[in-house]
Amino acid sequence: MANPMQATDPKKTVGARRWPAGQACAVLLFALAVLPFGSVAAPRVDPALVPDTSLAVPQLHFDSNGELLIAPSATSSRHDFDYLVGNWKLRNRKLKSRLTGSTEWIDFESRVEMHQILDGLGNIDKYTEQSEGKPYEGVALRLFDPKTRLWSIYWADGNSGRLDPPVVGSFENMVGHFFARDTYKGQKIIVVFRWDVRNLTLPIWSQAFSTDEGKTWEWNSINVSERAE
């Protein structure tokens, strides 16, 4: 490739201005300082807020009608969410646009208050944040079925005023996966919630959507929790 700073046509050099060496150097340094050559470092991303793709999403199974078949792990217990009782501050990231190929993430903070109900067979989260510049409140309701030994997690917020279809599942080796069929902007999806509690002091929640029956997943939300003072 020709050097754009070198004249290749001798006729174009006639009458060209010649800069003294010192002045030319100063001009070059100024240009390097003001022009956006991509040398500005990208914002640092907290590794805890990057979905862990080394953790495989369990393979899905379906009945003859296409409904999800979900079995509990051998260790599934009513005590699986006991660690979450109390007040938490959360660091969050979410995709700006879901199922559109977006790679732009939004960072924000939120708070959660969690209380047990039904003698430990359930619990409720109160979730609050202001990432959109106005107060947002949501509620997570988790219920453990002693017969199936599966957890069902319901979500409702102040925008809809209704419970979403529950995601259902259990924990295995300190990682929980919870699934449901749903729709997003008219598109049929399977949604998965993942709770990674291998570090109980910094539990990580994340969410992904699949449009191909669980063959591939797009992670679109993640947060890491720390005890609030």
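What you see is a predicted model, and the numbers here were worked out from it, not measured in a lab. Any value given below was found using the heavy atoms of this structure, including those in side chains, with hydrogens, waters and symmetry copies removed.
- Between atom CH2 of residue W88 and atom CG of residue N223 there is a gap of 11.0 Å, rounded to the nearest 0.5 Å.
- The CG atom of L121 lies 9.0 Å from the NE2 atom of H79; values are rounded to the nearest 0.5 Å.
- With hydrophobic clusters built from ILVMFWY side chains whose heavy atoms lie under 4.5 angstrom apart, V192 does not share a cluster with L55.
- Ion pair R181/E213 flagged as a salt bridge, since at least one NZ, NE, NH1 or NH2 atom sits closer than 4.0 Å to an Asp/Glu carboxylate oxygen.
- Salt bridge annotation for R78-D80: absent, with no cationic side-chain nitrogen under 4.0 angstrom from a carboxylate oxygen.
- S221 places no side-chain N or O within 3.5 Å of a backbone atom of Q207 that could act as its donor or acceptor partner.
- Between atom CG of residue L95 and atom CG of residue N220 there is a gap of 6.0 Å, rounded to the nearest 0.5 Å.
- We find the NZ-OG distance between K215 and S210 to be 8.0 Å, quoted to the nearest 0.5 Å.
- Contact between G176 and F171 at its shortest, heavy atoms only, is N-CD2, 3.3 Å.
- The structure places CH2 of W205 at 10.0 Å from CD1 of I153, a figure rounded to the nearest 0.5 Å.
- Both L84 and I124 belong to a single network of hydrophobic side chains, linked directly or stepwise wherever heavy atoms of I, L, V, M, F, W or Y lie under 4.5 Å apart.
- A salt bridge between R198 and D52 is present, with a side-chain N of the basic residue lying under 4.0 Å from a carboxylate O of the acidic one.
- Inter-residue side-chain proximity for F81 and F144 is flagged as unmet; no heavy-atom pair is nearer than 4.5 Å.
- V168 and Y154 fall into different hydrophobic clusters, defined by Ile, Leu, Val, Met, Phe, Trp and Tyr side-chain heavy atoms under 4.5 Å apart, directly or through other members.
- Each of F178, F209, Y184, F179 was scored for a side-chain contact (heavy atoms from CB on, under 4.5 Å) with V191, with one residue passing: F209.
- Annotation: the span from W217 atom CH2 to R194 atom CZ amounts to 10.0 Å, rounded to 0.5 Å.
- Under the 4.5 Å side-chain heavy-atom criterion for Ile, Leu, Val, Met, Phe, Trp and Tyr, F193 and L163 are members of the same hydrophobic cluster.
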